Amino acid sequence: MINVLNVAEKPSVAKSVATILSRNQQHGMRVRDGRSRYNKIFEFNYVINGQPCHMLMTSVTGHLMELDFEDRFRKWHSCDPADLYHAPVRKYVPEDKIDIKRTLEEEARRCQWLILWLDCDREGENIAFEVMDVCGAANHNLTIWRARFSALIDREIHEAAQNLISPNQCFSDAVDARQEIDLRIGASFTRFQTMLLRDKFVIDSAQDDRNLVLSYGPCQFPTLGFIVERYWEIQSHEPEEFWTINCSHKSDEGIANFSWMRGHLFDYTSAVILYEMCVQEPTATVMKVHQQEKRKYPPHPLSTIELEKRASRYFRMSSELTMKVAEDLYQAGFISYPRTETDGFSSRTDLHTIVREQQEHPVWGSYAQRLLDPGTELWRNPGSGGHDDKAHPPIHPTKFSAGESAWSLDHHRVYELVVRHFLACVSQPAIGAETIVEIDIAGEQFSASGRVILVFLPTTLALDSGVTRPPPLLSEADLLSCMDKAGIGTDATMHDHIKKLLDRFYATKDTNTRFSPTNLGEALVMGYDDMGYELWKPNLRSMMEFDMKQVSMGCKRKAEVLDTCLQQMKACFLDARVNKVKLLEAMAIFFGRSDRYGGNDHHVAAEIVRPCGLCQESNMVLRRSRDGNFMVGCLGFPQCRNAIWLPGPVLEATVSTNICNCCTPGPVYLIQFKFRQLEIPPGFNVNHLGCIGGCDETLRQLIEICGTGSRVQGNKVPSQNCAVARGGSLVIERSCSIYICRSFNSKVTMFGIKKLFPWHRL
DNA sequence: GCAAGGTC
């Protein structure tokens with residue numbers, strides 16, 4: 001009989017594997033403590049390919065080692081951050097893992113074999129090599145094996161034990177490369193930008209900005225990039241008006257609203273002509289009635305990202321909190337392992353038993369009973385989303401509970417979500433009936449889903465206007481989707497990156513779980529963007545991931561990937577340092593200079609122009625957009641979208657102390673403008689003291705002729721809507737729309753409409 | 001005082 005040391009990635013796997021292997025074995029299984037209180041040691045006998053073994057099964061808790069620079073490079077001022085691209089690094093066992101290391105050493109000394117039961121992914125393979133390092137140093141004569149398994153079920157575990165293989169160096173190398181690149185890039189840029197910016201500006205988010213760290217990381221920055229990119233998209237959106245014909249019919253049974261099948265038209269003239277035709281011949285003829293069955297398919301089985309997205313959507317829980325609560329439920333045995341990419345059940349999973357456990361529940365118990373009754377034909381074997389991490393099943397309930405006294409509201413919610421999602425997965429699709437009615441008025445087609453009528457006179461027929469709207473800010477679910485798609489982070493770490501942005505004051509989350517960048521976050525991204533670097537975009541990480549894949553497949557060597565990647569990143573770093581003025585400029589847009597160090601360099605952080613008339617809560621301030629154009633925006637953004645774009649030719653703008661004597665709500669401070677001579681028409685003065693409150697004819701004309709500085713210009717009509725507060729949404733248009741919107745009997749002529757829109761492009 | 005990745 002030989003002694004065999006077995007090591008799993010976490011205590012729960014050690015216990016499961018030991019339980020499975022020791023079943024039906026003589027003397028069963030014994031448990032004893034190791035040096036680490038969490039990592040028990042299980043002992044039992046087992047036969048591997050005819051070789052009787054005394055098995056000792058223990059575990060680590062994830063990575064056993066960390067990578068860091070050698071001591072003399074660890075202090076921030078110990079070296080030039082550029083040196084961090086070649087400073088020596090070392091792997092070591094951190095203090096809180098020393099106990100585990102001691103256990104491994106002690107047990108390894110009395111064993112002949114070492115079997116590695118780490119998770120079957122790249123990180124797992126790397127941890128396997130860490131364990132080999134420690135055990136191999138304690139016992140040079142160890143024979144080393146790798147067990148490959150993807151589920152904690154009897155057959156798979158026994159098969160793994162009987163078919164031991166060798167550890168895969170390539171997989172582990174890929175992780176080594178990733179670790180080293182992440183460390184060098186992260187540390188160099190973090191030290192650089194922190195030391196460059198922290199003391200030069202008054203960064204209001206920091207209580208004590210001496211301790212503020214402006215971190216950079218290959219995952220956190222692209223995540224921030226997603227948030228900033230959407231925010232810029234919203235800021236640069238210029239509403240464009242469109243026209244649509246709405247038709248409705250009222251009967252005793254209710255109102256049917258028909259939508260124009262053209263959708264909407266941006267061209268007013270065309271819309272009016274079509275509208276006039278409908279008004280003159282308003283009888284509606286029903287052309288088509290189709291009834292169809294609509295199926296709503298159940299979701300795929302639950303993966304981590306999907307759990308986080310749904311908890312965010314349904315309960316507005318942060319992904320961070322969701323994972324914490326899910327971990328609690330997992331530890332207490334109520335749900336399966338919560339970190340999984342798998343979204344399909346293995347055919348071996350006993351789904352019926354899981355449903356059966358839920359039959360007693362007061363709310364969904366009766367549904368579970370109906371599912372199990374073959375007569376209802378409600379059961380459907382669940383589909384799969386096509387992802388399989390080969391380590392864990394989709395998240396599902398593992399123990400019945402009608403609620404525990406120790407549970408918080410969040411525990412109840414997450415458990416309920418997991419159970420309901422599971423029950424949905426094994427259900428037939430929901431079936432609904434939908435009737436769509438298509439009608440024709442004077443050749444124009446409209447449709448509604450609803451009742452069937454054959455010919456009728458519409459109760460109302462109206463030409464309505466609307467404006468295009470920017471997309472919303474990214475929600476937590478959107479953000480997770482972006483990260484997932486771009487391969488930023490792993491299912492187990494995505495919520496960490498999101499939380500890091502909040503902790504670093506780079507982004508904020510509103511009550512609607514939507515993210516906006518803070519001034520700090522926007523300034524940093526703007527700085528790198530102005531340098532022309534895509535350091536804040538996901539491409540860098542994607543390229544690294546691609547290289548890692550090459551290493552793990554043996555197509556490229558670790559040293560080769562490290563060399564080229566670090567060389568490129570160092571060049572990028574040095575270039576960023578040469579262009580640091582871009583970062584400084586971007587910061588200066590949002591933050592006042594600190595006078596603690598610079599001395600006499602006083603700046604006002606933001607110049608207040610007027611109170612916002614839209615939200616009536618915040619002030620509107622003069623700002624310079626990232627491409628140098630001027631605008632006056634509400635500080636209440638994104639809740640308040642009020643913004644006024646100033647004429648394109650503005651060279652300089654400063655808020656004066658003069659107050660406009662007619663615009664309200666006041667005070668509205670006049671702005672001293674300086675225009676670019678070559679860009680303004682003859683007759684206009686280069687210097688102008690102007691009012692953005694609406695009274696200033698010069699500004700209005702300049703905007704009409706030259707357009708605004710807003711980034712998306714297109715060839716739209718320069719019209720009053722630029723000078724009018726945008727979020728205030730064009731009151732004139734609305735009143736027109738209401739006027740035209742009377743019932744179709746009203747007399748509305750082309751002439752009448754023309755008169756109402758003298759400024760429009762008719 | 002820096003990263004991201006495991007996991008407790």
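It should be emphasised that the depicted structure is a prediction, and the values quoted were computed from it without experimental measurement.
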Worksheet item: Nearest nucleotide by nearest heavy atom, which residue falls closer to the 5' end of DNA chain B, Ala187(A) or Glu66(A)?
Response: Ala187(A)

Worksheet item: Across the strands shown, which category fits Lys97(A) at heavy-atom distances under 4.0 angstrom: base, sugar-phosphate, nothing?
Response: base

Item to complete: Compare all side-chain heavy atoms of Thr342(A) with those of His387(A) and state whether any distance is below 4.5 angstrom.
Response: no

Worksheet item: When you measure from the centre of the six-membered ring of Tyr92(A), is the NZ or CZ of Arg74(A) under 6.0 Å away and within 45° of the axis?
Response: yes

Worksheet item: Tell me: NE2 of His63(A) to P of dA3(B), nearest whole Å?
Response: 16 Å

Worksheet, complete the sentence: Glu123(A) CD to dA4(B) C1', in whole Å, measures 8 Å

Worksheet entry | Between P of dC8(B) and CZ of Arg37(A), the distance in whole Å | 13 Å

Practice prompt. Using atom CD1 of Ile181(A) as one end and atom P of dA4(B) as the other, report the distance to the nearest whole Å.
Written response: 13 Å

Worksheet item: Which class fits the ring pair Tyr528(A) and Phe221(A): parallel under 30°, tilted 30 to 60°, perpendicular over 60°?
Response: perpendicular

Response to the item:
Among the nucleotides dG1(B), dC8(B), dG5(B), whichever has the atom closest to the side chain of Lys10(A) is dC8(B)

Worksheet item: Arg191(A) has an atom CZ; how far is it from atom P of dG1(B), in whole Å?
Response: 11 Å

Worksheet item: Can you tell me how far P of dC8(B) sits from OH of Tyr330(A), to the nearest Å?
Response: 6 Å

Worksheet item: Can you name the one residue among Asp496(A), Asp491(A), Thr490(A) that meets side-chain hydrogen bond (donor to acceptor under 3.5 Å, both in side chains) with Thr493(A)?
Response: Thr490(A)

Worksheet item: For Phe189(A), which contact category applies under a 4.0 Å heavy-atom criterion: base, sugar-phosphate, or nothing?
Response: nothing

Worksheet item: With no angle test and no hydrogens, is the base of dC8(B) tied to the side chain of Thr61(A) by a donor-acceptor pair under 3.5 Å?
Response: yes

Worksheet item: Does a side-chain N or O from Thr493(A) land closer than 4.0 Å to OP1 or OP2 of dG5(B), or not?
Response: yes

Response to the item:
Taken to the nearest whole Å, CE/Met544(A) to C1'/dA4(B) is 9 Å

Fill in: N or O in side chain of Thr194(A) less than 4.0 angstrom from dG1(B) OP1/OP2
no

Worksheet item: Taking the six-membered ring for Trp, is the centroid-to-centroid distance between His396(A) and Phe345(A) below 6.0 Å?
Response: yes

Fill in: Pair Arg90(A) + Asp68(A), salt bridge at N-O below 4.0 Å
no

Worksheet entry | Step-by-step side chain to side chain contact (heavy atoms under 4.5 Å, CB included) determination, Asn579(A) to Asp575(A) | CA-CA 6 Å; Asn579(A) 289 309; Asp575(A) 207 63; 3.4 Å; yes

Item to complete: Kindly say if Arg122(A) contacts the phosphate of dA4(B), meaning a side-chain N or O under 4.0 Å from OP1 or OP2.
Response: no

Item to complete: Determine the contact category for Gly489(A): base if any of its heavy atoms lies under 4.0 Å from a base atom, sugar-phosphate if only primed atoms, P, OP1 or OP2 are that close, otherwise nothing.
Response: sugar-phosphate

Worksheet item: Quick one: which of dG5(B), dG6(B), dC2(B) gets closest to the side chain of Thr190(A)?
Response: dC2(B)

Discussion item. With a 4.0 Å limit, can you tell me whether Arg541(A) has a side-chain N or O closer than that to the phosphate oxygens OP1/OP2 of dG5(B)?
Written reply: yes

Item to complete: Evaluate the ring planes of Phe189(A) and Phe192(A), with Trp represented by its six-membered ring, and classify them as parallel (under 30°), tilted (30 to 60°) or perpendicular (over 60°).
Response: perpendicular

Worksheet item: OP1, OP2 of dG6(B) versus side-chain N and O of Thr490(A): anything below 4.0 Å?
Response: yes

Fill in: Upstream residue (5' side of DNA chain B) when Ser215(A) and Glu9(A) are each assigned their closest nucleotide
Ser215(A)

Worksheet item: Rounded to the nearest Å, what distance is computed from the CD atom of residue Glu545(A) to the P atom of nucleotide dA4(B)?
Response: 13 Å

Discussion item. Under 4.0 Å, heavy atoms only, any strand: does Asp119(A) hit a base, just the sugar-phosphate, or nothing?
Written reply: sugar-phosphate

Worksheet item: For dA3(B), does either OP1 or OP2 sit under 4.0 Å from a side-chain N or O belonging to Gln179(A)?
Response: no

Item to complete: Using a strict cut-off of less than 4.0 Å between a Lys/Arg side-chain nitrogen and an Asp/Glu carboxylate oxygen, indicate whether Lys10(A) and Asp119(A) qualify as a salt bridge.
Response: yes

Worksheet item: Under 4.0 Å between a side-chain N/O of His497(A) and OP1 or OP2 of dA3(B), yes or no?
Response: no

Item to complete: For Arg178(A), answer base if it contacts any base atom (sugar-phosphate contacts may also be present), sugar-phosphate if it contacts only those atoms, and nothing otherwise; contact means non-hydrogen atoms under 4.0 Å.
Response: base

Worksheet item: Phosphate oxygens OP1/OP2 of dT7(B): is one of them under 4.0 Å from a side-chain N or O of Tyr337(A)?
Response: yes

Worksheet entry | Neighbours of DNA chain B within residues 67-90 of chain A, by heavy-atom distance under 4.0 Å | Leu67(A), Asp68(A), Trp76(A), His77(A)

